[in-house]
Amino acid sequence: MKLDKKFKVGILGATGMVGQRFITILADHPWFEIEVLAASARSKGQKYADAVEGRWKLEIPMPEKVKDMVVLDVKDVEEIASKVDFVFSAVDMTKEEIRAIEEEYAKAEVPVVSNNSAHRMTKDVPMVIPEINPEHFEIIEKQKERLGTKRGFIAVKPNCSIQGYMPCLKAWQEFEPYEMVVTTYQAISGAGKNFETWPEMVGNVIPFIGGEELKSEVEPLKILGKVQGDEIVLKNDLKITAQCVRIPVLNGHTAAAFIRFKKKPTKEELIDRLNRFPEGKLPSSPKKFVQVFEEDNRPQVTLDVDYEGGMGVSIGRLREDTIFDYKFIGLAHNTLRGAAGGAVLCAETLVDLGYIK
């Protein structure tokens with residue numbers, strides 16, 4: 001797909017870790033041009049480099065083109081709306097505040113592609129992994145009716161914790177999975193931290209991450225659900241129970257999953273279905289969405305987290321289980337595939353499908 005000109009985009013919450021990741025992804029994007037960087041009122045009027053001085057958390061250097069950009073106040077909706085074609089949202093507010101500000105942008109006729117969780121379970125807001133459920137974007141027309149908009153809407157990407165096992169649930173639907181137990185081992189960047197800002201995580205494990213277990217259990221049911229009328233109805237014949245653990249890894253969420261099927265497949269059938277995802281064609285999509293390992297010691301964070309530029313998912317240790325039918329390990333990059341990169345891919349898909357014009 002070739003565009004006549006690039007879309008002008010804004011990043012809401014540009015000073016946080018996910019906002020920083022958005023900046024590094026979009027700095028040289030073929031379709032999107034960063035037009036606005038917005039954050040809280042305390043950063044308003046500062047050059048971006050000054051606003052994040054001492055707080056740049058990524059291993060990638062800050063792109064030169066954003067250093068002198070003046071940061072706007074995320075609450076100046078009309079001003080920002082006049083400058084952009086759509087916005088990415090990674091604001092750090094309460095859920096109630098996020099829901100309100102994202103709807104305010106949508107009602108100002110600005111499409112919002114959000115990394116936040118506030119609208120994930122809103123019945124007419126699509127929550128999409130583009131390789132898995134792009135058809136859910138069709139609910140946008142019903143959402144626009146509710147909001148009274150012509151082009152403004154909200155779309156979200158799901159939680160970073162589920163990225164390592166959602167491809168399996170989607171690929172294996174014909175075998176009717178009905179129970180899953182999953183434990184996720186989550187990197188510290190998922191909390192917006194690195195080891196400099198969170199030294200107490202070195203050599204440590206924390207067996208609780210607020211809100212993650214519910215998201216890990218419920219969000220897959222919406223992704224696998226169906227659009228019916230003016231809402232997305234959750235899948236009701238699959239139960240997931242989850243534990244989420246913070247571990248001393250910078251990037252990469254690992255999932256250990258156990259699964260039962262109504263129609264038990266062979267291991268070869270499971271691998272075959274994982275290999276059937278079509279080749280990605282959009283700027284941020286991986287050529288091959290899922291790689292499957294036969295080695296006992298893969299996937300590993302140090303070897304595999306950057307697979308397909310951090311946008312692919314790695315599956316390994318797929319084998320029969322003595323209690324469940326099968327078990328496996330999944331790995332995905334949490335700030336690329338699981339956060340900013342996933343949102344950028346959603347935006348590319350929305351452009352490709354004609355929802356963002």
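Note on ring orientation: taking the six-membered ring where Trp is involved, the planes of Phe86 and Phe88 are perpendicular (angle over 60°, cut-offs 30° and 60°). Ring geometry for Phe261 against Phe175 counts as perpendicular: the plane angle is over 60°, on a 0 to 90° scale with 30° as the lower cut.
A pairwise comparison of heavy atoms in Val18 and Ala90 identifies CG1-CB, 3.8 Å as the closest pair. The two residues Gly164 and Ala332 have their closest heavy-atom pair at N-CB, 4.1 Å. The heavy-atom pair separating Asp85 from Pro111 by the smallest distance is O-CD, 3.3 Å. Residues Pro126 and Ile139 come closest through the heavy atom pair CD-CG2, 3.6 Å. Heavy-atom minimum distance, Phe289 versus Ile132: CE2-CG1, 4.3 Å. When all heavy atoms of Lys47 and Lys67 are compared, the closest pair comes out as CB-O, 3.7 Å.
A distance of 8.5 Å separates CG of Leu282 from CD of Glu131, quoted to the nearest 0.5 Å. In this structure, the separation between NZ on Lys83 and CG on Leu72 is 6.5 Å, given to the nearest 0.5 Å. Note that the CE atom of Met311 and the NE2 atom of His333 stand 10.5 Å from one another [nearest 0.5 Å]. With rounding to the nearest 0.5 Å, the separation of CZ in Phe7 from NZ in Lys357 is 10.0 Å. Taking CG from Leu336 and CD from Glu308, the interatomic distance works out to 12.5 Å, rounded to the nearest 0.5 Å.
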Evaluation steps, side-chain contact (heavy atoms from CB on, under 4.5 Å), between Ile80 and Tyr105: CA-CA 9 Å; Ile80 293 171; Tyr105 274 94; 3.1 Å; yes
Lys6 vs Glu35, salt bridge (charged side-chain N to carboxylate O under 4.0 Å, His left out): CA-CA, chis, key distance, verdict: CA-CA 11 Å; Lys6 290 187 177 184; Glu35 185 71 19; over 6 Å; no
Trace of the side-chain contact (heavy atoms from CB on, under 4.5 Å) decision for Val128 with Thr349: CA-CA 10 Å; Val128 171; Thr349 306; 6.0 Å; no
Full working for side-chain contact (heavy atoms from CB on, under 4.5 Å) between Tyr165 and Ile259: CA-CA 11 Å; Tyr165 55 90; Ile259 189 167; over 6 Å; no
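Placement of Phe258 and Leu169 in two distinct hydrophobic clusters is found when ILVMFWY residues are connected by side-chain heavy-atom separations under 4.5 Å, directly or transitively. Under the 4.5 Å side-chain heavy-atom criterion for ILVMFWY residues, no single connected hydrophobic cluster contains both Val181 and Leu318. Both Leu214 and Val125 are assigned to one and the same hydrophobic cluster, defined by single-linkage of ILVMFWY side chains at heavy-atom distances under 4.5 Å. No continuous path of hydrophobic side-chain contacts links Trp31 to Val84 [ILVMFWY only; heavy atoms under 4.5 Å].
A salt bridge does not link Glu104 to Lys107: none of the charged side-chain nitrogens sits closer than 4.0 Å to a carboxylate oxygen. Using a cut-off of 4.0 Å between Lys/Arg side-chain N and Asp/Glu carboxylate O, Lys264 and Glu320 are scored as salt-bridged. A salt bridge links Asp76 to Lys44: at least one charged side-chain nitrogen sits closer than 4.0 Å to a carboxylate oxygen. Salt bridge Arg146/Glu103: present, at least one basic N to carboxylate O contact under 4.0 Å. One finds a salt bridge joining Glu179 and Arg260 here, because a Lys/Arg side-chain nitrogen approaches an Asp/Glu carboxylate oxygen to under 4.0 Å. The residues Glu141 and Lys144 are annotated as salt-bridged, a charged nitrogen and a carboxylate oxygen being separated by less than 4.0 angstrom. Ion pairing between Glu294 and Lys267 holds under the 4.0 Å rule for side-chain N and carboxylate O. Using a cutoff of 4.0 Å between basic side-chain nitrogens and carboxylate oxygens, Arg151 and Glu109 are not scored as salt-bridged. In this structure, Lys142 does not pair ionically with Asp124, as no charged nitrogen and carboxylate oxygen lie closer than 4.0 Å.
Exactly one of Ile240, Leu224, Ile162 qualifies for a side chain to side chain contact (heavy atoms under 4.5 Å, CB included) with Glu219. That residue is Ile162.
No hydrogens or angles considered: nothing links the side chains of Gln46 and Ser43 as a donor-acceptor pair under 3.5 Å. Checking Lys95 against Asn116 by side-chain atom types alone, no donor-acceptor pair falls below 3.5 Å. Checked by atom type, the side-chain pair Ser189/Asn334 shows a donor-acceptor distance below 3.5 Å.
Looking only at distances, a side-chain donor or acceptor of Gln143 sits under 3.5 Å from a matching main-chain atom of Ile154. Under the 3.5 Å distance criterion, the side-chain polar atoms of Gln186 are left unmatched by any main-chain donor or acceptor of Cys244. Judged by distance alone, the side chain of Glu231 and the main-chain N or O of Val227 form no donor-acceptor pair under 3.5 Å. Side chain of Tyr48 to main chain of Ala14: a donor-acceptor pair is present (N/O by atom type, distance under 3.5 Å, no hydrogens or angles).
For Trp172 and Phe328, the ring centers sit closer than 6.0 Å to each other.
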